[in-house]
Amino acid sequence: MDFTFTEEQQAAAEAARAVFAGVAPDGVPSPSLVPGAVADDFDRALWTRLADADLLSLLLAPSYGGSGLDAIALCLVLRESAKVLARVPLLESSAAAVTVQTYGSEEARTDLLTRVGRGEVVLSVAAHGRTGHDPAELAVTAQRDADGTWVLDGVQTAVPWAYDADYIVVPATAVAADAGLTEAPQVGMARAGADHVLLALVPRVHEGVVLAEQISTAGERLAELRLDSARIAARDVIDADGAWEGLRELLTTGTCALALGLGEGVLTMTGEYTGKREQFGHPIASFQAVAMQAADRYIDLRAMEATLWQAAWRISSGATGALPSAGDVAVAKIWASEGVRRVVQTAQHLHGGFGADVDYPLHRYHAWAKHLELSLGPAAAHEESLGDLLAAHPLG
């Protein structure tokens, strides 16, 4: 295993550090002080700077104005973005764009990808299902009309940046026009035994598409996406094996990169604070109890980092292993969901009451960390998935 980054990957990370250097984590009101969303839109000025630095087109081919890089490069950039809590849909738009590039129709690629790379079109992904606990692909059904148009029905919850995106990539289970459903049509659950998953590029403003506002723990505006006989042209539907699995793994790995970057930012902040805060005439960082807690969280971050790069390398290279790439992604999720929570909890403890001061950014990092933890899901669920993979692919 060689985790040495290529020159191109390092250049992407350096460009990201330069762009994010001027971003203030407290650039919008605190979620503790406002009843609704902290802002009506994401950071459009930062989005423009990312486009100018060619960081919105990292994964796109040169023919679409991109750099042709891989998931590792994207994760390096996401890691830097999370250190400053950058409020941009970089993960969702990048992951959706590369999925369209790999699996989408020629018309969709020509129409969208160059504009996505320039920041003119924003993409998001509905990946949390109807409740946040059920598989996303089972929350929406798709039936094909005689003219080739797909008709979508169902509900997806907690769609990030939905009010700001031009298109939302929605996974759906295809069912025959005469197939019965095991649930009421409005909840969009597919009939038993259906396993044909497709991805639909759903315009935000479209007949049969309704958004209902939801607010994340970080104070960001999410949406419940309701589809009621929304008709999507065949050119905007990806009907290819592996498309949803690849998109889901990239989104998950990118979320782990965000958790790592946030944790590193918080531990750096904690080190600076404990190095200056004195008790009994000495910096509290010199106390053994403080140093041991910080060391434990450093170990968490290094484990999060190692498992992240393993997962990113597997999905970037397509390399085979004893387990499918889903196994490496599950291990990364286990460490990220537990590790980011432990890091921010320790940081709050070592900051004392100062960590809860809304004039100090640590409370905002804590809120973002909780959102990432909830997005990843509990470690126990990922351990169960890993166990299922081990049962299906015995080692040795």
Side-chain angles (χ1 to χ4, degrees), residues 1-5 9-10 12-13 16-17 20 25 70-86 90-91 94-95 217-218 248-271 291-317 321 323 325-350 362 364-386 389:
M1 203 183 307
D2 182 6
F3 286 158
T4 302
F5 300 120
Q9 292 165 349
Q10 294 179 44
R17 282 191 286 271
F20 294 126
D70 56 15
I72 297 174
L74 176 62
C75 287
L76 284 167
V77 175
L78 291 169
R79 179 188 192 179
E80 297 301 323
S81 76
K83 292 178 181 179
V84 296
L85 306 184
L90 179 59
L91 169 57
S94 298
T217 58
R248 182 172 53 195
E249 288 189 356
L250 181 54
L251 285 171
T252 302
T253 304
T255 304
C256 293
L258 293 173
L260 174 63
L262 186 150
E264 290 176 330
V266 166
L267 194 61
T268 298
M269 185 187 309
T270 304
M292 289 180 64
Q293 291 182 67
D296 286 340
R297 300 295 78 82
Y298 177 83
I299 292 171
D300 277 336
L301 290 174
R302 298 291 69 81
M304 291 166 64
E305 183 178 18
T307 54
L308 164 66
W309 298 133
Q310 173 68 11
W313 172 74
R314 282 294 304 275
I315 65 177
S316 296
S317 65
L323 293 179
S325 58
D328 294 287
V329 174
V331 173
K333 284 198 291 184
I334 291 168
W335 276 102
S337 62
E338 293 252 316
V340 72
R341 172 175 51 81
R342 288 194 292 258
V343 169
V344 294
Q345 285 179 343
T346 297
Q348 287 280 11
H349 175 64
L350 296 182
L362 181 59
R364 191 186 300 273
Y365 281 87
H366 202 155
W368 274 63
K370 178 55 67 174
H371 175 68
L372 292 175
E373 180 189 356
L374 292 172
S375 297
L376 288 166
H382 311 320
E383 290 166 352
E384 183 177 351
S385 298
L386 184 60
L389 286 171

* **From V343, V266, T270, residue fulfilling side-chain contact (heavy atoms from CB on, under 4.5 Å) relative to R297** => V343

Inter-residue atom distance [X].[atom1] - [Y].[atom2], 0.5 Å rounding:
X	Y	atom1	atom2	answer
C75	L91	SG	CG	8.0 Å
L301	L308	CG	CG	11.5 Å
S375	L258	OG	CG	9.5 Å
Q348	H366	CD	NE2	5.5 Å
K333	L386	NZ	CG	10.5 Å
D300	L260	CG	CG	11.0 Å

Grab the two heavy atoms, one from [X] and one from [Y], that are nearest each other, plus how far apart they are.
X	Y	result
Q10	F5	NE2-O, 2.8 Å
A336	A259	CB-CB, 4.2 Å
H382	S337	CD2-OG, 4.3 Å

* **Carboxylate-amine/guanidinium proximity below 4.0 Å for R302 and E264** => yes

* Asked: Does atom CD of E384 have more than 12 heavy-atom neighbours, drawn from other residues, nucleotides or ligands, at distances under 6.0 Å?
  -> no

